[in-house]
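The block underneath contains the structure these notes are about, expressed in structure tokens.
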Amino acid sequence: MQANKRNLGVTTVAAPEREDRYLAEKATVMNTRKNHADMSAAEKRVFVSAVLALKNKVDSVLSPGRMKRYDDFVQVHKNAMMGPDMFMPMPHGGPLFFPWHRVLIRQFELALQAAVGDANLVLPYWDWELSGKSNPFTNDFLGGDGDAAQGHRVVSGPFAYVNKKFKIRVWDGISGDAGLLREFGTDPTAYLPTPTQVASSLTKMPYSPGPNSWEKTCEGGLHNPVHRWIGGNMADATSPNDPIFFLHHCYIDLLWENWRKQHPTSDAYLPASGAPGYDLASPLAFSKKAKPVPWRGSWKVQDTLDTTSLGYVYA
């Protein structure tokens, strides 16, 4: 793979060579994630620029020439749920949910940094609030709701279809709409969890298993309804097509940290042993065997329990 090449008039940069080189240079940097509401206007501009660079200027590893690097993350998440390249074990609906997504969004964060050469860029989180500064769906950040008259395409902000800078290339099916889609609040089963619901969920024990465990309560009662409330692309297996996916999962990741600190004598992850593919010693899968891997490196579940070992903390 060449270091630089021209594709449809847009300069593209090969990955993962660039990412590897960048990671070697920033190995000592510890990132501190924060609420997007606490970001400055300049920080938001850098974040949006990095997302657009990953979407347009950095080539795909999984399907170079057809997709871009951003799309690799969409494809990996799709493959974790469905399709001919689906891999196992399933990282949804079970204990692997938190560790698997922790690695996924950290790799996205590092890819953003590499795309713009900024080691201080961090992935922010959204705490599901919409009032004032807490609303991420603004013209200067993630854009707003979809327009029903235009097939629910997002029509405002940097990822609006009209800007021609955020083309959707991966769908649950073979093809789909090239524009980013949202349908706020149209699913009658969907909601944005309140702080009271979050606080109640954080009391649940153990980590897993059982219907009242932390994992089941968080994934089913906090995580899933938000995907459905945003709707559009977020309601699909290819939900990372919407950049809000990463802010949503960043908050889910923070909640796992908060749950762990709230229950210091409880196991941060279960099962600890005796469940190959799911216990602490099990490797996390991000691609089907004999298929291209989305990034270099490998992680076992036990490698994800300490965020500092992955290079980040929360403010």
Side-chain angles (χ1 to χ4, degrees), residues 1-2 4-20 22 47-87 91 100-101 103-116 121 123 142-143 153-154 157-161 163-182 227 230 232-250 285-288 291-296:
M1 188 181 295
Q2 296 178 352
N4 292 281
K5 64 182 180 179
R6 292 279 177 178
N7 183 23
L8 300 179
V10 177
T11 301
T12 60
V13 181
E17 289 87 350
R18 176 186 175 124
E19 292 172 12
D20 289 345
Y22 178 75
F47 180 80
V48 169
S49 294
V51 171
L52 292 176
L54 212 59
K55 188 67 167 170
N56 296 289
K57 296 182 179 180
V58 185
D59 208 358
S60 165
V61 170
L62 300 182
S63 187
R66 188 180 70 85
M67 302 191 320
K68 297 298 181 183
R69 188 59 166 148
Y70 184 103
D71 306 313
D72 286 347
F73 292 88
V74 183
Q75 186 68 55
V76 168
H77 194 266
K78 175 184 177 179
N79 293 347
M81 300 184 73
M82 63 179 297
D85 291 332
M86 182 178 175
F87 52 82
W100 190 89
H101 284 88
V103 173
L104 179 77
I105 66 172
R106 177 54 174 164
Q107 291 302 303
F108 181 75
E109 185 172 46
L110 294 172
L112 289 177
Q113 293 175 358
V116 294
L121 183 157
L123 181 63
L142 301 188
R153 282 179 174 172
V154 171
F159 310 120
Y161 179 76
N163 296 330
K164 304 297 183 182
K165 294 181 179 179
F166 201 78
K167 182 180 179 180
I168 303 301
R169 301 184 181 94
V170 183
W171 305 272
D172 285 14
I174 297 175
S175 61
D177 199 304
L180 176 62
L181 309 179
R182 290 176 182 152
H227 275 270
I230 295 169
N233 296 109
M234 271 287 277
D236 296 337
T238 47
S239 50
N241 271 318
D242 194 331
I244 193 62
F245 170 95
F246 296 98
L247 280 74
H248 170 48
H249 271 275
C250 189
F286 295 93
S287 61
K288 192 175 183 179
K291 292 290 184 177
V293 295
W295 41 74
R296 295 193 175 108

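Owing to the predicted nature of the structure, the values given are computational and were not obtained by experimental measurement.
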Does N56 reach the main-chain N or O of F166 with its side chain, forming a donor-acceptor pair under 3.5 Å?
-> no
Does K288 reach the main-chain N or O of P84 with its side chain, forming a donor-acceptor pair under 3.5 Å?
-> yes
Heavy-atom donor-acceptor pair, N163 side chain to G157 backbone, under 3.5 Å = yes
Backbone N or O of L180 within a donor-acceptor pair of the N233 side chain at under 3.5 Å?
-> no
State whether the side chain of H77 and the backbone N or O of T238 hold a donor-acceptor pair below 3.5 Å, judged by distance alone.
-> no
Counterpart residues, ring pair (Phe, Tyr, Trp, His ring centres under 6.0 Å), relative to F108 (two or more places apart) | Y70, F73, F246
Considering residues at least two apart in sequence or located in another chain, which fulfil the side-chain hydrogen bond (donor to acceptor under 3.5 Å, both in side chains) criterion with D72?
-> S60, R69
Measure the CD1-NE2 distance between I230 and H248 for me, rounded to the nearest 0.5 Å.
-> 7.0 Å
Determine yes or no for a side-chain-to-main-chain donor-acceptor pair under 3.5 angstrom, with N241 supplying the side chain and V74 the backbone.
-> no
Counting N and O atoms only, with roles assigned by atom type, does the side chain of K78 sit under 3.5 Å from a partner on the main chain of W171, one being a donor and the other an acceptor?
-> yes
By salt bridge (charged side-chain N to carboxylate O under 4.0 Å, His left out) - contacts of K55 (at least two apart) = D71
Test side-chain contact (heavy atoms from CB on, under 4.5 Å) on L142 and F159 and set out the steps.
-> CA-CA 7 Å; L142 301 188; F159 310 120; 3.7 Å; yes
Measuring from I168:CD1 to S175:OG, what's the distance to the nearest 0.5 Å?
-> 13.5 Å
